[in-house]
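Input: a single structure, listed below in structure tokens.
Order of the sequence lines fixes the chain letters, A, B, ..., with proteins taken first and strands second; residue numbering starts at 1 for each chain. Remember, it's a predicted structure, so these values are computed and weren't measured experimentally.
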2 protein chains.
Amino acid sequence: MDHSRTYSIRQLSKEFDVTARALRFYEDKGLIHPERKGQTRLYSARDRARLQLILRGKRLGFSLIEIHEILDLYTPKDHGVAQMRATLGKYRGQIETLKRQREDIDAAIHDMQDGCVWLEGEITKVEAENLKADNA
Amino acid sequence: MDHSRTYSIRQLSKEFDVTARALRFYEDKGLIHPERKGQTRLYSARDRARLQLILRGKRLGFSLIEIHEILDLYTPKDHGVAQMRATLGKYRGQIETLKRQREDIDAAIHDMQDGCVWLEGEITKVEAENLKADNA
DNA sequence: CCATATGTTTACGTTGACGTCAATGTAAAC
DNA sequence: GTTTACATTGACGTCAACGTAAACATATGG
């Protein structure tokens, strides 16, 4: 994890399996701010980290706007205690959101596991009947 | 949880805070199939349960198409052992998907909690400095 | 009897998140 | 030097997931 190297748009898009178009789109929406060497974009390790956060946010079903707000929480801006307290509140709100989401996931996993157990039972049932029929 | 009663479109939309338009849309996409008394829709407890699953899927960031496939897993269709085995595979795949998603969530929660701790530290730091300045 | 509330279908509008060109630049490879 | 590969910026297209508006039926209370 070399912190000083840079990445081309192709390298990043390949590594994370997103299109270059998507990366430019994220930049357009203010989610990443890669440097420019002339015209071409140079992504830093920090940009890479932000991209990881973006993609994780997407996997969790957040919109780009929401992800933008989340990313803002990661960029330190110490504008007085009041601001910091407000940011702290946002952190906690975000944690609550995520926890609720985890409850949803846990419920879904349990449902699916119950379904698995039931289905396995049904399959063994049918197989038992097939055996009985074979022996008749 | 009376299993025999029915719900109007308004009742459901109010209870789950979705518009009637959305409910009709979900029906259009084949996600729910309420009965009709004449023209008007009558939602059963089963439809209500499916709606819950739909909304949970949405909260988890699944598309309506994906949710449709998930819902299919909930509707029993015993078409031979081969089909059941295939369905079992889909169940397990879905479980894996959900578990990966939970790892994402856990990571995000940890990040946010780290951020909280750090921010709390910064705030107390600044407060300490303010105190020092007051005593000077 | 009429207003109000709730229901319906059909159709077009909108927003988000990109995809898909087109026209152009640049840099390495042959 | 020219082809090849990858870069750029617009501009328009597209798909999902609804919103919104029009035009109408049904029923219920005052």
Please report, rounded to the nearest Å, how far the [atom2] atom of [N] is from the [atom1] atom of [X].
X	N	atom1	atom2	value
B:I9	C:dT9	CD1	C1'	12 Å
A:F25	C:dA17	CZ	C1'	5 Å
B:E27	D:dA17	CD	P	16 Å
B:Q39	D:dA23	CD	C1'	14 Å
B:L51	D:dA17	CG	C1'	15 Å
B:D28	D:dC18	CG	P	12 Å
B:L23	C:dT8	CG	C1'	14 Å
A:R10	D:dA5	CZ	C1'	10 Å

Using a cut-off of less than 4.0 Å, is there contact between a side-chain N or O of B:K29 and OP1 or OP2 of D:dA16?
-> no

[X] side chain, from C-beta outward: closest of [options]:
X	options	result
A:T19	D:dT20, C:dG19, C:dC18	C:dG19
B:R21	C:dT9, C:dA11, C:dC18	C:dA11
A:R24	D:dG19, D:dT8, C:dT9	D:dT8
A:S8	D:dA7, D:dC18, C:dT8	D:dA7
B:R36	D:dT8, C:dT9, C:dA17	C:dT9
A:Y26	C:dT8, C:dC18, D:dT8	C:dC18

Go through residues 61-70 of chain B and report each residue with a non-hydrogen atom lying under 4.0 Å from DNA chain D, sorted by number.
-> B:S63, B:L64

Going by atom types only, do B:D72 and B:T75 share a side-chain donor-acceptor pair under 3.5 Å?
->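 The answer is no; no qualifying pair exists.
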
Quick one: does A:Y26's side chain get under 4.5 Å of A:L51's, heavy atoms only?
-> yes

Just wondering, do A:I54 and A:I32 contact through their side chains at under 4.5 Å, heavy atoms?
->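 They are in contact (side-chain heavy atoms under 4.5 Å apart), so the answer is yes.
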
Cation over ring, A:R21 on A:F25, under 6.0 Å and within 45°?
-> no

Please work out if B:K58 contacts a base, only the sugar-phosphate, or nothing of the nucleic acid, heavy-atom cut-off 4.0 Å.
->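 B:K58: backbone/sugar contact only, no base atoms under 4.0 Å.
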
Polar side-chain atom of [X] near backbone of [Y] as donor-acceptor pair, under 3.5 Å:
X	Y	result
B:H68	B:L64	no
B:Q11	B:S8	yes
B:Y43	B:T6	no

